[in-house]
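Quick notes on the structure that follows.
For the single chain, residues carry numbers from 1 onward in sequence order.
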Amino acid sequence: MSLPSEPSVLPPVTSIADAIARMEQISAALPPDDGLACFNRMYLQVTEEVGQQVTAGFFADPAFTSALDVTFANLYLDAADNVDSPGSVPLAWRPLTQARADKGIEPIQFALAGMNAHINHDLPIAVVQTCQELGTTPTSDAHLSDYQKIDRLLDAIEQSVRQSFENAAERAVDRHIQAVCNLIACWSITSARDVAWANCLLLWQVRNDPVAYQLVCDSLAAGANLASHLLLVAV
């Protein structure tokens with residue numbers, strides 16, 4: 001099943017609520033076992049939680065956090081919009097979009113491969129773009145502390161997703177499931193976000209040098225692509 005194709009290129013979302021609505025459309029358009037749908041469910045849960053916490057005053061700078069969340073979401077939505085045009089899908093997202101119909105891959109693998117592409121490639125770019133749009137820098141104000149607050153939200157959600165996959169008693173003796181658990185155990189959202197922050201600082205330093213900036217982005221894409229291939233090994 002394909003995503004809606006009219007219009008062929010949807011405009012970027014401009015709010016967290018719009019991002020949530022678009023993710024809900026993606027969920028409605030895809031079968032639940034589609035690889036993109038597996039990631040989308042996890043990302044929708046994260047985005048809803050961030051939106052609630054922005055409203056609740058959890059962040060020191062809710063305007064920046066909201067703007068970053070929207071910019072970040074648009075990078076994923078651009079990949080999702082092009083899922084049926086393989087050549088248009090960003091390199092970091094291609095392993096997931098190409099394998100999304102593979103029945104030998106577990107839903108948790110798809111979810112983490114999507115997180116890998118989104119965090120290791122998209123997130124540093126999103127931070128730099130947001131800072132440029134708002135006339136600030138990654139090291140200004142409370143940006144880092146708010147970024148780390150999201151880590152706490154993500155950690156709880158990640159654990160919930162992992163537990164829903166791992167905890168069933170009948171799965172404890174399933175060697176196939178155990179192999180999947182071993183495969184994904186070494187991948188951590190928090191660790192990936194720590195690396196993404198370091199990469200955003202690097203991107204920020206070369207933001208005015210188009211060649212250097214593109215080289216860093218290409219390196220991030222290639223690394224995310226390789227990691228997702230490893231996460232999506234059918235075991």
Side-chain angles (χ1 to χ4, degrees), residues 26 30-46 72 75-80 82-127 150-151 154-155 157-168 171-172 174-200 202-203 214-235:
I26 292 171
L30 296 175
D33 60 348
D34 181 285
L36 187 67
C38 295
F39 165 71
N40 190 79
R41 286 195 298 274
M42 185 177 185
Y43 191 31
L44 174 58
Q45 185 179 353
V46 170
F72 189 37
L75 293 172
Y76 158 61
L77 294 171
D78 177 66
N82 288 288
V83 73
D84 293 317
S85 301
S88 299
V89 174
L91 179 65
W93 284 96
R94 288 179 192 171
L96 173 57
T97 59
Q98 291 170 355
R100 66 193 182 103
D102 191 333
K103 303 303 181 184
I105 298 173
E106 297 294 334
I108 186 65
Q109 293 176 261
F110 286 126
L112 292 183
M115 279 294 185
N116 166 64
H118 203 31
I119 292 173
N120 285 320
H121 176 259
D122 295 351
L123 185 53
I125 295 171
V127 173
I150 295 177
D151 291 345
L154 284 169
D155 185 61
I157 292 171
E158 180 191 21
Q159 290 304 314
S160 174
V161 171
R162 287 180 187 269
Q163 289 168 6
S164 70
F165 178 75
E166 297 169 2
N167 279 355
R171 289 174 174 168
D174 188 323
R175 292 183 180 179
H176 166 67
I177 297 301
Q178 186 60 49
V180 174
C181 292
N182 291 339
L183 176 67
I184 66 176
C186 62
W187 198 89
S188 161
I189 289 177
T190 300
S191 296
R193 281 176 56 86
D194 288 343
V195 173
W197 183 260
N199 284 326
C200 95
L202 174 58
L203 273 179
Q214 190 59 52
L215 284 172
V216 175
C217 288
D218 290 347
S219 177
L220 295 177
N225 180 284
L226 175 60
S228 283
H229 275 300
L230 295 175
L231 285 167
L232 293 171
V233 171
V235 295

Check your understanding: If every non-hydrogen atom of R193 is compared with every non-hydrogen atom of I150, which pair is closest and at what distance?
Key -> NH2-CB, 3.6 Å
Check your understanding: Y76 versus L36: any side-chain heavy-atom pair under 4.5 Å?
Key -> yes
Check your understanding: If you look at every heavy atom in V89 and N82, which pair is closest and at what distance?
Key -> CG2-O, 3.2 Å
Review point. Residues two or more places apart in sequence or in another chain: which of them pass side-chain contact (heavy atoms from CB on, under 4.5 Å) with A99?
Key: I105, F110, L232
Practice item. Quick one: pull up CG in N116 and CG in L112 and give me the separation to the nearest 0.5 Å. Key: 9.0 Å
Check your understanding: Between atom CG of L123 and atom CE of M115, what is the distance when rounded to the nearest 0.5 Å?
Key -> 10.5 Å
**Study point:** With sequence neighbours excluded, residues passing salt bridge (Lys or Arg N to Asp or Glu O under 4.0 Å) with D194
**Key:** none
Point to revise | Nearest-0.5 Å distance, CZ of residue R100 to SG of residue C38 | key: 11.0 Å
Contacts under 3.5 angstrom, residues 216-227 side chains, donor-acceptor by atom type, not counting sequence neighbours:
unit_1	atom_1	unit_2	atom_2	d
D218	OD1	Q214	NE2	2.7
N225	OD1	H229	NE2	3.4
N225	ND2	L91	O	2.9

Check your understanding: With sequence neighbours excluded, what pairs up with N199 under the side-chain hydrogen bond (donor to acceptor under 3.5 Å, both in side chains) test?
Key -> none
Study note, to complete from the structure: In I119, L203, V195, L202, the residue satisfying side-chain contact (heavy atoms from CB on, under 4.5 Å) with P124 is L203
Review point. By side-chain hydrogen bond (donor to acceptor under 3.5 Å, both in side chains), which residues pair with R41, not counting sequence neighbours?
Key: none
Review point. Nearest 0.5 Å, what's the CD-CG distance between E106 and L231?
Key: 13.5 Å
**Study point:** Minimum side-chain heavy-atom gap D34-N40 below 4.5 Å
**Key:** no
Revision key, fill the gap. Those residues at least two apart in sequence (or on a different chain) that pass side-chain hydrogen bond (donor to acceptor under 3.5 Å, both in side chains) with D33 are K103
Exercise for review: Measure the spacing between SG of C200 and CD1 of I125 and express it to the nearest 0.5 Å.
Suggested key: 11.0 Å
Review point. According to the side chain to side chain donor-acceptor pair (under 3.5 Å) rule, which pairs have a member within residues 88-97, sequence neighbours left out?
Key: W93-D122
Revision key, fill the gap. Looking only at heavy atoms, the pair that brings D102 and G104 closest together is OD1-N, 2.8 Å
Study note, to complete from the structure: When every non-hydrogen atom of P95 is compared with those of S228, the smallest separation belongs to CB-CB, 3.7 Å
